Structures are given as structure tokens and as C-alpha cells.
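Computed from a prediction, not measured in an experiment: that's the story for all the values here.
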Amino acid sequence: MVTYEYPRPALTVDLVTFRVNNDQLELLLIQRDNQPFQGAWALPGGFVHENEPLEATASRVLSAKAELTDVFLEQLATFGAPERDPRDRVVSVAYFALLPAGAGYNGPGEWFAVDGLPQTAFDHAHIIDTAIDRLRAKLSYSDIGFSLMPPEFTLTELQKTWEAVLASSLDKRNFRKGALARDRLEATGKKTSGGAHPPAMIYRYNDSSEMTS
């Protein structure tokens, strides 16, 4: 048996799970069952098992604690302030997960608008702020935002999703021009029907090439 000269901190994974609902960016929080911070709102998280890859831990935790599978996952950052966990030295690797609009959710926890979050346990407020900033930044140079969309959508729905994430209004003409110029949208040949507005073209995300990271 190998004896290590240096202490080995515990390693955890925390999940910041986003969706856009009613034109608002929301995230999922659960209430802790145990101490420390029993009863407090927190991100879904768990300890990394020995010989378990980090992304496998993230998928396992998301399935076990949020009942979510097959959603977009991306590593966010590592958080390792010595005092972040009152029990011991615990380092957390945070991921964010994106739930498509309209996917529905019947799992545990509660969704909160990002501009109305409750007080959270540990350093989860800092993790959440970091995730929001990263998601907003990546809208401008990656295809990550399409993971928040249903399989088919109009340009108006796409713009409303972008505006929900950015928490700001966007010029309609410039947004549509930029969205179509990125060559990631494919017209389905279908249009909306009913309602007071003229029919709108329905698009899908063209994933024939790798999503840019």
C-alpha cells in the first residue's frame, strides 16, 4: 500500500443546471438533507468515486439528484478555497448543464430565476455567478445556446432565449442577420399557423458539424 506524504483533499462535482422558461433564465436548486447547511438551497453535487472520471461523476450526480439524463454538460471551473466546506478540505469541479426549452421537468428541487435566487450553501453563489457569466459570454462565439432550444423553433423564439440569457434586449434585424449568417440554422420548410401574427419560418439547429466550444 502506497503511503502519501501530503494530505489528499476530497473531490466533489457541483452542477449548475440552466433552462429558459417564460422568457427567463432559470437554474435548479435542491434543499440539503444533511449537515452542514441542512435545509439550505444548494446546487446538486456529490463526491467523486475512486477511479471515476469527472464527467461520469457529473452525469451520475445529475441523474441521481436531478433525474436528468442526456443533457448538454460542460466543465466550468474548479473551486478550491480552503474554507469553502466547513467539514474538511474539499475541492469542487463545477459543470453546467443545459435543459432544452419545453423538455419538462418532474424531478426534485425547484427552479429559480437567476435574478431572484435564495441564499445558497457553501460557495455556491460564487459558482453560480461564474456559470452565468460563462454562459453569457459563450453565446457570442459558440453554439452553446442552441442546447437551450427545442428541436424546432422560430427566429423570434431564438431571440427571446438569447435575451433571457443575456438579460437584455437585442435589435431584431441585427439578431436575425447574425443568426442566419452563422450557417447553423436549417429551415424545416414548415411555418407557424394560427395566432394574430403572420406565419413564421420554423428552423432547426444544423448539427452536421461539431458544436464549437
ask   = Under the side chain to side chain contact (heavy atoms under 4.5 Å, CB included) criterion, do Leu158 and Phe175 qualify, and how do the steps go?
value = CA-CA 9 Å; Leu158 186 67; Phe175 176 82; 3.8 Å; yes
task = Kindly indicate, with the supporting measurements, whether the criterion side chain to side chain contact (heavy atoms under 4.5 Å, CB included) is fulfilled by Thr78 and Val93.
result = CA-CA 4 Å; Thr78 301; Val93 180; 4.0 Å; yes
task = Kindly indicate, with the supporting measurements, whether the criterion side chain to side chain contact (heavy atoms under 4.5 Å, CB included) is fulfilled by Leu135 and Phe18.
result = CA-CA 9 Å; Leu135 179 61; Phe18 291 112; 3.8 Å; yes
ask   = Checking side chain to side chain contact (heavy atoms under 4.5 Å, CB included) for the pair Leu28/Leu99: CA distance, chi angles, key distance, verdict?
value = CA-CA 10 Å; Leu28 180 67; Leu99 184 66; over 6 Å; no
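Under the 6.0 Å cut-off for aromatic ring centres, Trp162 and Phe146 qualify, their centroids lying closer than that.
Under the side-chain contact (heavy atoms from CB on, under 4.5 Å) rule, Trp41 has a single partner from His124, Arg32, Gln31, which is Gln31.
Between Phe96 and Leu98, some side-chain heavy-atom pair lies under the 4.5 Å cut-off. The shortest distance between side-chain heavy atoms of Phe122 and Pro36 falls below 4.5 Å. Within the 4.5 Å cutoff, the side chain of Lys65 has no heavy atoms near those of the Pro108 side chain.
Taking both residues in full, the closest heavy atoms of Glu163 and Leu170 are given as OE2-N, 2.9 Å, listed atom of the first, atom of the second, then distance. The minimum heavy-atom distance linking Asp33 with Gln38 is given by the pair O-NE2, 2.8 Å. Of all heavy-atom pairs between Val114 and Leu117, the closest is O-CG, 3.6 Å. A pairwise comparison of heavy atoms in Gly145 and Leu139 identifies CA-CD2, 3.7 Å as the closest pair. Shown here for Asp115 and Gln24, the closest heavy-atom pair between the two residues is OD1-OE1, 4.1 Å. Nearest approach of Pro7 to Pro9, heavy atoms of both residues: O-CD, 3.6 Å.
Within the 3.5 Å criterion, the main-chain N or O of Ala179 finds no donor-acceptor partner in the side chain of Arg184. Checked by atom type and distance alone, the side chain of Thr192 pairs as donor or acceptor with a backbone atom of Ala200 at under 3.5 Å.
Note that CZ of Arg204 is 11.0 Å distant from CG of Leu185, once rounded to the nearest 0.5 Å. A distance of 10.0 Å separates CG in Asn106 from CG in Leu68, rounded to the nearest 0.5 Å. Rounded to the nearest 0.5 Å, atoms OH (Tyr95) and OG1 (Thr17) are 13.5 Å apart. Rounded to the nearest 0.5 angstrom, Leu15 CG and Leu76 CG are separated by 10.5 Å. To the nearest 0.5 angstrom, Asp70 atom CG is 10.0 Å from Leu62 atom CG. Rounding to the nearest 0.5 angstrom, the gap separating the CG atom in Leu11 from the OG atom in Ser92 is 7.5 Å.
Hydrophobic clustering, with ILVMFWY side chains joined whenever heavy atoms are under 4.5 angstrom apart, groups Phe112 together with Ile127. Note: the hydrophobic cluster containing Phe47 does not contain Val13 (ILVMFWY, side chain heavy atoms under 4.5 Å, direct or indirect links).
Of the N and O atoms on the side chains of Arg19 and Thr161, not one donor lies less than 3.5 Å from an acceptor on the other residue.
The environment of CZ in Arg87 is crowded: more than 12 heavy-atom neighbours from other residues, nucleotides or ligands sit within 6.0 Å. Few gaps surround CD on Gln35; more than 12 heavy atoms of other groups in view lie less than 6.0 Å from it.
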